[in-house]
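Each remark here refers to the structure printed beneath this line.
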There are 2 protein chains.
Amino acid sequence: MFSKACEYGIRASIYIALKSLEGTRVSLKEIAEKIDSPVAFTAKVLQQLSKNDIVESIKGSSGGFEISKNNISQIKLSQIVYAIDGNNVYEGCGLGLKRCNAKEPCPVHNRFVQIRAELKNMLESTTLYDMTMGLEQELTYLRR
Amino acid sequence: MFSKACEYGIRASIYIALKSLEGTRVSLKEIAEKIDSPVAFTAKVLQQLSKNDIVESIKGSSGGFEISKNNISQIKLSQIVYAIDGNNVYEGCGLGLKRCNAKEPCPVHNRFVQIRAELKNMLESTTLYDMTMGLEQELTYLRR
DNA sequence: ATAAATTAGGACAATTTTGTCCGATTTAAT
DNA sequence: ATTAAATCGGACAAAATTGTCCTAATTTAT
Ligand code: FES
Ligand code: FES
């Protein structure tokens, strides 16, 4: 579904959001630990997210990553996915034709666009804030 | 969503089904041409499908691939996907945790399983026969 | 000023996926 | 029997993705 980079990106964003809500900034090292991801690879993903204004990175000693409270409730899951995986999720054809195209549809087009519309709807209606709920009470997990 | 191998596999199966309904067997070369896929790579995918009894391969001169009429209406899209991509579609976690697990869910689990259930339902309710409809009248395409 | 802790970024390496090549095997036609 | 047309299967190659390493730059604390 999503690339590894994107999966790490989402998990990282959720963790940063969680800690930002608690008022603390987190380091790359801590993030990678808490979401169980390769440190250096996660660094690249975070750079990408930082460039796309999903997370804010602060350099130097006592630096790290954070997300403003306002952004936590504004940023949609769809934005994170788009920042890393681009719009393949939306524009790709289920059978791999150059581009999904209703004028010259593939044999699964009609069935596929329905599923995708619901996926799109889900991604666009889920905020970072939504995804942090449940983590505190261990109703959900970012690693296992 | 699906791997390239799987995309080619689905398109190939649909084309073979189409021709089998017309009573003609098709060669690898013709398949690759009609679905616009790399010949040798498609051969591997067809071997896989043959081993999984999705398509029937006939060796030798005047050989090729075919699917029995009975199977065309029985084979589900889900079986083709499973034969090539395995069950990642069903068992994978949206955020990349080892395995989707309702007891220790990731933050998108509840939203994700819904989408997946609909995808699963679609894959399991779409037959090869369903996907051949529309191709003759060029209402749908296997290449562009 | 210096040291320590941190992110940024480039180069590289490993792995997986995708794709190619070629000889072996099978079958049908001559 | 020989030849031609086809799939099979192993080895290889290319490309994309995933992951690592190291140095530079930035900021804070001493
Ligand atoms: S054309 Fe294939 S999904 Fe739309
Ligand atoms: S645990 Fe992540 S989707 Fe089920």
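For the numbers below, each heavy atom of this structure counts, side chains included, while hydrogens, waters and symmetry mates do not. A, B, ... follow the sequence lines: proteins, then strands. Residue 1 opens every chain.
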Spacing of [X] atom [atom1] relative to [N] atom [atom2], expressed in whole Å:
X: B:Lys51; N: D:dC8; atom1: NZ; atom2: C1'; value: 8 Å
X: B:Glu33; N: D:dA6; atom1: CD; atom2: C1'; value: 15 Å
X: A:Asp85; N: D:dA16; atom1: CG; atom2: P; value: 16 Å
X: B:Glu7; N: C:dT17; atom1: CD; atom2: C1'; value: 13 Å
X: B:Phe2; N: C:dT17; atom1: CZ; atom2: P; value: 16 Å
X: B:Gln48; N: D:dC8; atom1: CD; atom2: P; value: 12 Å
X: A:Glu56; N: D:dT26; atom1: CD; atom2: P; value: 17 Å
X: B:Ile84; N: C:dT16; atom1: CD1; atom2: C1'; value: 17 Å

**OP:** Taking A:Arg116 for its side chain and A:Tyr90 for its backbone only, find out whether a donor-acceptor pair lies under 3.5 Å.
**Re:** yes

Output a table of donor-acceptor pairs, distance under 3.5 Å, between side-chain atoms of residues 62-70 of chain B and any protein atom two or more places apart or on a different chain; print 'none' if there are none.
{"residue": "B:Glu66", "atom": "OE1", "partner": "B:Arg25", "partner atom": "NE", "Å": "3.1"}
{"residue": "B:Ser68", "atom": "OG", "partner": "B:Asn71", "partner atom": "N", "Å": "3.1"}

**OP:** I would like to know whether B:Ser73 and B:Thr127 meet side-chain hydrogen bond (donor to acceptor under 3.5 Å, both in side chains); could you show each step before the answer?
**Re:** CA-CA 6 Å; B:Ser73 54; B:Thr127 69; over 6 Å; no

Look for any protein N or O under 3.5 Å of an N or O in nucleotides 5-7 of chain C and output each such pair with its distance, or none.
{"residue": "C:dA5", "atom": "N3", "partner": "A:Ser61", "partner atom": "N", "Å": "3.3"}
{"residue": "C:dT7", "atom": "OP1", "partner": "A:Leu28", "partner atom": "N", "Å": "2.7"}
{"residue": "C:dT7", "atom": "O3'", "partner": "A:Ser57", "partner atom": "OG", "Å": "3.3"}

**OP:** Name the orientation class of the two ring planes belonging to B:Tyr8 and B:Phe41 (parallel below 30°, tilted from 30 to 60°, perpendicular beyond 60°).
**Re:** perpendicular

**OP:** Could you tell me whether B:Glu22 atom CD has more than 12 heavy atoms of other residues or ligands within 6.0 Å of it?
**Re:** yes

Original post:
Under a 4.5 Å cut-off applied to non-hydrogen side-chain atoms, are B:Leu77 and B:Leu128 in contact?
Top reply: no

Original post:
By a strict heavy-atom criterion of less than 4.0 Å, which residues belonging to residues 36-44 of chain B are in contact with DNA chain C?
Top reply: B:Pro38, B:Ala40, B:Phe41, B:Lys44

Subject >> From CA spacing to verdict: side-chain hydrogen bond (donor to acceptor under 3.5 Å, both in side chains), A:Tyr15, A:Glu30 >> reply: CA-CA 10 Å; A:Tyr15 184 71; A:Glu30 179 182 345; 2.5 Å; yes

**OP:** Walk me through it: do A:Glu124 and A:Lys76 pass the test salt bridge (Lys or Arg N to Asp or Glu O under 4.0 Å)?
**Re:** CA-CA 6 Å; A:Glu124 287 178 350; A:Lys76 307 293 191 299; over 6 Å; no

Subject >> Nearest-nucleotide pick for A:Tyr8, side chain only, options being D:dG19, C:dA8, C:dG19 >> reply: D:dG19

Subject >> Non-hydrogen atoms of A:Cys106 and A:Leu95 that approach each other most closely >> reply: SG-CG, 4.0 Å

